[in-house]
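One structure below.
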Amino acid sequence: MEPGSDMSLQTGELAAGRLPQDGMPRTAIRAHELRKVYGQGDTAVAALDGVSVDFAVGNFTAIMGPSGSGKSTLMHCLAGLDTPTSGQVLLGETELTQLPDAALTKIRRDRIGFVFQSFNLLPMLSAKDNILLPLELGSRKPDQQWLATLVDVLGLADRLTHRPSELSGGQQQRVAVARALVGRPEVVFADEPTGNLDSRSGAEVLGFLRRSVREFGQTVVMVTHDPLAASYADRVVMLADGKLAGELYDPKPETVLDALRQLGA
Amino acid sequence: MGRLVAACLAIVLGVGFGALALTAHSSASHGIDETIGAQYKGVDAYVYPDRESITPATVAKVKALPQVAEVVPSATAYLETSFPGLVRSVSLPIDALYPSTQIASPGTTSGKLPRATNEIALPNKLAAKHNVMLGQSLRITSYEKKSWTVTVVGLIDDQSAFGQGAAVATQAAVKIFEPDGYIQGVKIAGKPGTDPQVLADAVQKVLPSGVQAFTGEGWIEHEVKQYTNGIDVLGGVFGMFAVIALFVACLVIGNTFTIVIAQRTREMALLRCVGASRRQVFSSVLAEATVVGVIASAIGVVFGVALSALALAMSREFDWGIPPVSLHLDLLSIFLPLLLGTIATIAAAVVPARRATKVAPLAALRPDVAPAAASKRGVFRLILGFVLLAGGGALLAMAATEHQVIVGVAGGVISFLGVLAVGTLLVPALIRVLGALPARAGVPSRIAVANAVRNPKRTAATTAALLIGVTLISLTCVGIASVRKTFDVSMDGQYPVDLTVMTYDEKMPPSADEQLKAIKGITQVVPIHKVVVKSKGEEYSVTGIDQATAGSVIHSPALVDKLKPGTALVDYSTLQRLQLKEGSKVTIVSGKNTLTVTLQRGLGLDPFNLTSTDLAKLAPNAPISGYWLATDPKADGSKVIEDVNQSLPSLKELEVSGGLAKRSAYTQIFDVLLAVGIGLLGVSVLIALVGVGNTLSLSVLERTRENALLRAMGLTRRQLRSMLAIESLLMALVAAGLGIALGLVYGWTGTSALMGGQTIDGNVEYAVPVGLLVAIAAIAAVAGLLASVLPARRAAKVAPAGALATE
Ligand SMILES: Nc1ncnc2c1ncn2[C@@H]1O[C@H](COP(=O)(O)OP(=O)(O)O)[C@@H](O)[C@H]1O
Ligand SMILES: [Mg+2]
């Protein structure tokens with residue numbers, strides 16, 4: 001599949017919905033001067049060294065960079081999975097960095113969706129229970145129509161009662177995508193969502209993520225080191241040594257590769 | 001090694017308990033040796049009246065022997081004394097003191113030993129109990145009503161007293177108090193250089209047949225045996241419980257090793273990949289078990305010895321009513337637990353170690369080990385389990401109907417093994433059933449239930465340890481309650497009235513019933529009227545009790561039903577004396593009045609009982625001669641009896657009898673048995689709970705990523721902790737529920753097997769000690785929750801990002 005080609009027509013149509021009246025894109029999540037230092041003294045490593053970046057509502061952003069550049073750390077800090085050493089994270093109007101664990105947990109549950117590289121699903125729950133997990137943790141009722149749409153679009157209708165061990169890797173990631181989207185979170189974070197998949201399944205999952213942005217106005221932030229995967233995004237943010245190292249709009253695999261080469265990776 | 005810490009705790013507890021039991025036993029035996037040795041210090045030979053009594057002539061003959069230096073005959077006068085503050089006198093045995101240079105006399109704690117015939121020395125504790133001071137005078141009375149006034153000149157050390165709680169006076173004084181006193185034995189000291197055996201032989205030659213001579217040591221040994229028999233039985237019981245505790249520890253360790261080895265599958269496989277042989281893998285696991293076993297057992301021994309030292313010190317400090325004993329260590333009580341603990345650990349590791357050898361080298365390369373499907377061995381185990389259950393059940397049924405204790409024990413053990421064998425099926429099923437309720441409450445609970453049953457073998461093994469302890473405790477509670485109830489019912493037939501008080505020639509004070517009712521522990525007071533009639537020159541007392549209130553003091557409903565106007569309840573010996581049968585009619589005459597009644601057999605009441613209305617027809621002015629009392633079953637029986645004995649001060653004499661003395665004696669025995677049983681088995685339960693906590697924390701380790709994922713998805717720390725608490729609670733409650741159910745079956749079967757042949761009518765009562773059983777379940781639940789605290793805390797600490805970032 002040639003990435004970026006089949007849905008480019010719809011961009012303009014949906015862009016209207018994503019933009020507020022004044023025409024300025026709204027920010028879904030914003031990092032300001034984020035620093036994250038691991039360890040102390042001589043062994044201290046600054047995984048993030050003053051990163052400030054905005055992610056617009058209804059946008060699909062890929063975070064790229066060489067291994068160890070701080071991609072996962074940035075994502076974890078943005079998603080409230082980890083607390084930065086200094087700096088702020090604003091999710092909508094909410095400042096995350098000051099929140100205690102319980103409040104942060106509730107925000108992850110109610111306002112953020114996740115897709116991880118592997119081990120996304122709980123082995124003892126069925127696919128459907130896994131999809132509904134965040135909602136049920138918050139005692140929220142799922143929107144049945146939305147759930148049906150997701151299940152249909154992701155082709156999971158006949159897999160709902162299966163345990164994760166009975167699903168293929170691609171099916172497992174699609175279940176994870178459904179779970180991330182079902183609660184209509186403000187942001188979906190995906191950390192190397194295709195890292196463990198063959199290229200066909202990977203392309204499927206990336207296609208769904210982009211479709212959720214285009215058709216449903218979802219905001220998606222994805223960490224990846226794969227230029228092909230990054231080319232599904234609207235924008236690529238480059239990291240190197242814990243610092244921002246450039247940006248790229250409407251990326252193509254070749255332009256991404258070029259940019260990466262310039263980083264010296 | 002770190003993962004084995006909790007298993008170590010199980011061994012420490014099991015071994016510590018064993019060391020405690022052995023040390024306590026050796027200290028107690030040694031203490032008895034010493035105490036008795038002190039009482040017979042300087043005694044070279046001892047004469048004991050085996051079948052014939054010792055006469056003063058015999059004593060003189062012994063004394064005249066050339067080898068004999070001193071003789072001390074033991075004589076005791078049995079007297080009564082009235083301590084200040086007491087209404088009526090209590091008995092006071094007085095031992096005779098003989099002047100002796102070689103043979104030990106009792107030691108005094110204050111004052112001196114008596115020298116004149118009007119002096120006595122009292123045991124320390126007795127004096128303290130009755131506030132008797134040195135120099136105080138006491139009035140003592142013999143059973144022939146002769147009285148003397150004596151002065152307390154000393155207090156003797158209770159331990160060195162010859163008898164239990166006897167006072168001492170001079171030989172001459174005891175001769176005055178009890179001129180024909182029985183000689184209980186003669187202590188003999190030999191002339192310097194005489195061999196004790198030669199002395200004993202020489203003494204034996206001058207003794208009449210039926211009187212036996214021992215060497216001093218021989219006699220001490222004989223005496224010590226009397227006490228240590230009891231202690232050995234107790235030691236055996238302790239030992240049995242220690243073995244149970246060690247067995248439970250064994251299960252916990254085995255389970256821990258199984259889990260740890262499962263978690264190390266890849267490590268093991270890697271070892272195999274790089275060329276380690278099966279044998280090497282096997283011995284590496286066993287070597288680890290040996291190290292763990294030795295270290296934990298050593299800690300356990302230190303712990304057990306320290307605990308027994310502490311207990312002995314506390315018993316001395318707070319006077320727990322057992323003789324003060326000092327800590328005595330022997331090699332056995334140190335090395336036996338050490339050895340058994342180590343062996344148990346190694347034995348527990350054998351099966352997991354064998355499993356470790358089966359790890360295929362390829363497993364190192366596979367991503368994740370798939371959950372094992374039902375194996376052939378699993379199916380075999382289930383079938384075996386059901387066979388054992390059926391066989392054991394049949395034996396139990398047979399034991400209950402045929403009253404065969406041994407068959408019952410066999411049936412119990414076999415069926416319990418069956419339960420353990422089907423545990424992999426049964427326990428998860430029960431957890432699902434029990435978990436259905438919390439599972440509705442939300443996802444965390446649902447995940448908790450799923451987690452609890454996802455590894456049936458592990459869950460079954462974990463609950464098995466707890467199941468053993470709970471089953472044994474419930475069995476003990478149910479068994480003792482049932483035996484006690486059986487006793488109660490049969491006692492109610494034999495001794496239908498708790499307490500009776502009676503005067504013979506005196507008049508009951510008008511307020512007697514109020515005075516009696518005021519005594520703590522007395523719940524009902526019913527007056528008895530009495531008239532004496534004559535038949536063929538013999539006197540019979542005929543008593544009357546109010547028909548309406550009789551039921552409140554007579555525990556036997558059958559007797560209460562028989563007691564009605566026109567009937568007399570007569571005991572067997574009275575029927576014999578009258579040469580009459582049950583059902584015959586007699587006419588009683590008192591003054592001008594006559595009354596015809598039908599005789600009915602009574603048991604445990606007065607010789608001749610009427611209703612009070614019938615008695616009034618016979619003797620309208622029959623005085624109150626006594627009262628029948630009902631007591632609170634929870635009150636301290638001996639205290640109630642003591643209080644009743646000291647009540648009604650206007651009466652010189654008061655006869656107190658009834659079933660309470662017996663009842664309180666066996667109640668006390670049952671209470672002690674129950675407390676000891678629960679306490680000892682509690683150790684096993686404690687060990688099993690360590691096992692539950694252990695399994696949980698190992699499972700938590702395995703589920704680090706799962707828990708991290710849940711946390712990322714929005715599971716709060718508190719939800720995570722409660723999730724583990726529910727998992728632990730489910731395991732604990734299922735073990736407790738199953739254990740209590742089994743305890744009921746075994747307890748009832750045991751009672752029937754044990755008591756069925758013992759009661760008069762072969763009837764056995766089955767009790768359900770609801771309070772105790774609920775308490776067991778509640779304690780198991782609370783302990784289950786506690787067991788989850790540490791693993792839950794560890795699980796909650798895991799940062800979601802950190803755990804997900806790995807790999
Ligand atoms: N928990 C941690 N403790 C110490 N150092 C860490 C930890 N997590 C990440 N790092 C370090 O921080 C840097 C950035 O890591 P990460 O964000 O995982 O990079 P990326 O995802 O881009 O490969 C690396 O140097 C890594 O070694
Ligand atoms: Mg990374």
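Each chain gets a letter, A, B and so on, in the order the sequences are listed, and its residues count up from 1. Values reported hereafter were calculated over all heavy atoms of this structure, with side chains retained and with hydrogens, waters and symmetry mates removed.
Of all the listed residues (B:Arg717, B:Arg454, B:Gln719), the one sharing the greatest number of non-hydrogen pairs under 4.5 Å with chain A is B:Arg717. Comparing A:Ala180, A:Pro123, A:Gly183 by how many heavy-atom pairs each has under 4.5 Å with chain B, the most go to A:Pro123.
The CG atom of B:Leu715 lies 12.5 Å from the CD atom of A:Glu136; values are rounded to the nearest 0.5 Å. Atom CD in B:Glu706 sits 4.5 Å away from atom CE in A:Met124 (nearest 0.5 Å). Rounding to the nearest 0.5 Å places CG of B:Leu709 at 7.5 Å from CG of A:Leu133.
When heavy atoms are compared at a cutoff of 4.5 Å, B:Arg446 approaches chain A solely by way of its side chain, counted from C-beta outward. Contacts of A:Leu121 with chain B are made by backbone atoms alone, with heavy-atom separations under 4.5 Å and no side-chain atom involved. Using a 4.5 Å cut-off between heavy atoms, A:Leu125 contacts chain B through its side chain alone, with no backbone atom that close.
Shown here is A:Lys36, whose NZ atom has more than 12 heavy atoms of other residues, nucleotides or ligands within 6.0 Å. Residue B:Arg458 qualifies as enclosed at atom CZ: its count of foreign heavy atoms under 6.0 Å is above 12. At most 12 heavy atoms of other shown residues, nucleotides or ligands fall within 6.0 angstrom of atom NE2 in A:His225. Under a cut-off of 6.0 angstrom, the local environment of CZ in A:Arg140 is crowded, with over 12 non-hydrogen atoms contributed by other residues, nucleotides or ligands. By the 6.0 Å contact criterion, CG on A:Asp54 is enclosed, its count of non-hydrogen atoms from other residues, nucleotides or ligands being greater than 12.
Closest approach of A:Leu137 and B:Gly714 over heavy atoms only: CD1-C, 3.9 Å. Considering every non-hydrogen atom in both B:Ala712 and A:Phe114, the closest pair reads O-CE1, 3.3 Å.
In this structure, B:Ile447 and A:Leu122 have side chains that are in contact, with non-hydrogen atoms separated by less than 4.5 Å.
Ion pairing between a basic and an acidic side chain is recognised when a charged N comes within 4.0 Å of a carboxylate O; A:Asp101 and B:Arg718 show no such pairing.
A donor-acceptor pair is defined here as one N or O able to donate and one able to accept, closer than 3.5 Å; no such pair exists between the side chain of A:Arg109 and the backbone of B:Met713.
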